[in-house]
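This is a predicted model, so every value here is computed, not measured.
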Amino acid sequence: MRMTKVASFNINGIKARLPRLIEWLEETQPDIACLQEIKTQDEGFPIAEFEKIGYGAIWHGQKSFNGVAILAKGSEPVETKRGLDGEPEDDHSRYLEADVTIGDDASPLRVASIYLPNGNPLPGPKFDYKLRWMKRLRARAAEIWAEEVPAVLAGDYNVIPRDNDVFSVNAMASDALMQPESRAAYRRLLADGWTDALGNWHPQGNIWTYWDYQRGAWQRDNGFRIDHLLLSPQAADRLSACGVDKDHRGREKASDHAPTWVILDR
C-alpha cells in the first residue's frame, strides 16, 4: 500500500541545526516536512542542502526569529497562502501553506506549517496577540475545510491541550501554553471537525514533543506536547499511524523539540 508521511519539526534555528535536520530527513524519509522557527531571512535559507537529498521547498523567513518552511520529497510545494489575514500590520513569519503532490497521486495534499505565538508573559499584549492569532488561524482553517480537500495543519501550536499532555500541571499552570483561553481556542478548532492525530492516537497522553534546555528537563523527561498535526476529515480517514521521533531530541546540538509525524494511506 502506498503511504504519505507528513512530519512537523520545530528546528529552533535551521543554520545551527542543519546537520541534525539533514540527518533526520535521511533517516526517517518524510514525504513532507513542515518546519518552524527556522530563524533566517529568506536569502539565508539553505535550499541547496535540501535539493542535494531530493527535497523541494518553500519558506517564509524572518531575521533571527520565527520563520516557517515546507519541504517535499521529489516535489515542489505549490504555495497557496503566506501569512494569515486579519491584521495587515502583523509582520511575523508564522504561517505558510501549500499544495503538495507526492509521486503519481491524482490530487495534492494541502499542508500548512504553523508557528503559533507563545503568549508569555501574561497577562499582556503578547498573550492578547496569541489569542487573536488563533482566531485568525481558525478562520483560515474554515476556508480550507470548505474546500473539502485532504489537509494537514502541522506545527508548533504552543498549546498544551490536556492535563495529560504535560509532565506537571502545577509546573505549567501559570504559563500561556496552558491557560483556559489558549486551550479553549484550540478546542474550537477540534470542534470545527479537525482531528488532533497524536492526541486521538494516544488518548492516555504522556507523549511529549518538547523538553526545555533548562533544569535537566530532557534528562528527567519533564516534557509536554505542543507540536500538533490537525487533520481534515479527508485526511483523518486515511490516518494509519503517527508518532514522535523522540530519540532525535537526545542527540548532540539537538532542537528542544522532537519531530512528530503522521502516515496517511493513499
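Looking at F9 and L71, their side chains never come closer than 4.5 Å, going by heavy atoms from C-beta outward. With contacts defined as side-chain heavy-atom distances shorter than 4.5 Å, the pair L109/I32 qualifies. Contact check for T209 versus H228: no side-chain heavy atoms found under the 4.5 Å cut-off. Side-chain contact between L230 and L189 is present, with heavy atoms from C-beta onward closer than 4.5 Å. Using a 4.5 Å cut-off on side-chain heavy atoms (C-beta onward), S64 and K39 make no contact. You'll find the side chain of I144 reaches within 4.5 Å of the side chain of E97, heavy atoms only. Using a 4.5 Å heavy-atom threshold, the side chains of L25 and P30 count as touching. Residues V68 and Y95 are not in side-chain contact: their nearest non-hydrogen atoms beyond the backbone lie 4.5 Å or more apart.
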- [ ] Decide salt bridge (Lys or Arg N to Asp or Glu O under 4.0 Å) for D163 and R183; before the verdict, give the C-alpha distance in whole Å, the side-chain angles of both, and the deciding distance to 0.1 Å.
- [x] CA-CA 10 Å; D163 286 356; R183 287 179 157 186; 2.9 Å; yes

TODO: Please lay out, stage by stage, how T28 and H248 fare under the test side chain to side chain contact (heavy atoms under 4.5 Å, CB included).
DONE: CA-CA 11 Å; T28 66; H248 284 265; 4.1 Å; yes

- [ ] Go through the steps to decide whether H92 and Y129 satisfy the test ring-ring contact (aromatic ring centres under 6.0 Å, His included), and finish with yes or no.
- [x] CA-CA 11 Å; H92 286 198; Y129 171 60; 5.4 Å; yes

Open item on the list: Apply side chain to side chain contact (heavy atoms under 4.5 Å, CB included) to residues L21 and I14 and explain how you reach the verdict.
Closed with: CA-CA 8 Å; L21 177 55; I14 201 165; 3.9 Å; yes

- [ ] Determine, step by step, whether Y55 and S75 satisfy the side chain to side chain contact (heavy atoms under 4.5 Å, CB included) criterion, reporting the C-alpha distance in whole Å, the side-chain angles of both residues, the deciding distance to 0.1 Å, and the verdict.
- [x] CA-CA 7 Å; Y55 282 88; S75 179; over 6 Å; no

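Under a hydrophobic-cluster definition in which Ile, Leu, Val, Met, Phe, Trp and Tyr are linked whenever side-chain heavy atoms come within less than 4.5 Å, directly or via other members, I207 and V169 are assigned to different clusters. Under the 4.5 Å side-chain contact rule for hydrophobic residues, M3 and W261 share a cluster.
Residues Q29 and K5 have side chains that never bring a donor and an acceptor to within less than 3.5 angstrom of each other. In the model, N120 has a side-chain atom that pairs as donor or acceptor with a side-chain atom of N118 under 3.5 Å. Counting only N and O atoms by type, the side chains of W145 and D192 include no donor and acceptor under 3.5 Å apart. A donor-acceptor contact closer than 3.5 angstrom is absent between the side chains of N158 and Y186. Checked by atom type, the side-chain pair S8/D227 shows no donor-acceptor distance below 3.5 Å. Counting only N and O atoms by type, the side chains of N10 and E37 include a donor and acceptor under 3.5 Å apart.
The aromatic rings of F50 and F45 lie tilted to each other, with the angle between the two planes from 30° to 60°.
At distances below 3.5 Å, not a single donor-acceptor pair connects side-chain atoms of T260 with backbone N or O atoms of V244. Side-chain atoms of Y213 come within 3.5 Å of backbone N or O of D256 as a donor-acceptor pair. The main-chain N or O of P203 is found under 3.5 Å from a side-chain atom of N164 such that the two form a donor-acceptor pair. Side chain of K130 to backbone of P117: a donor-acceptor contact under 3.5 angstrom is found. Looking only at distances, no side-chain donor or acceptor of Q179 sits under 3.5 Å from a matching main-chain atom of L177. Panel note: side chain S255, backbone H257; a donor-acceptor pair is recorded below 3.5 Å.
Taking OG of S182 as the reference point, atom CE of M134 lies at 6.5 Å (rounded to 0.5 Å). Atoms CG and CD1, from L96 and I70 in turn, are 4.5 Å apart once rounded to the nearest 0.5 Å. Atom OG1 of T40 and atom CG of N66 lie 12.5 Å apart (nearest 0.5 Å). Separating the CE atom in M172 from the CG atom in N222 is a distance of 11.0 Å, to the nearest 0.5 Å. Here H202 contributes atom NE2 and D165 contributes atom CG; the two are 11.0 Å apart, rounded to the nearest 0.5 Å.
A salt bridge links R225 with D196: the distance from a Lys NZ or Arg NE/NH1/NH2 to an Asp or Glu carboxylate oxygen falls below 4.0 Å. In this structure, R110 pairs ionically with D99, as a charged nitrogen and a carboxylate oxygen lie closer than 4.0 Å. For the pair D85 and R140, the salt-bridge criterion is not met [side-chain N within less than 4.0 Å of a carboxylate O]. Remark: E143 does not engage K81 in a salt bridge, criterion side-chain N to carboxylate O under 4.0 Å. Looking at K63 and D42, no side-chain N of the basic residue comes within less than 4.0 Å of a carboxylate O on the acidic one, giving no salt bridge. Looking at D90 and R136, a side-chain N of the basic residue comes within less than 4.0 Å of a carboxylate O on the acidic one, giving a salt bridge.
Considering only residues two or more places apart in sequence or on other chains, R94 meets the salt bridge (Lys or Arg N to Asp or Glu O under 4.0 Å) condition with none of them.
A pairwise comparison of heavy atoms in V149 and S232 identifies O-OG, 3.0 Å as the closest pair.
Shown are Y210, F167, W208, W211; of these, the ring pair (Phe, Tyr, Trp, His ring centres under 6.0 Å) with W218 is made only by W211.
Applying the 6.0 Å contact sphere to CD of E252 captures no more than 12 heavy atoms from other residues, nucleotides or ligands.
Legend: salt bridge (Lys or Arg N to Asp or Glu O under 4.0 Å) pairs involving residues 116-129, not counting sequence neighbours: none detected.
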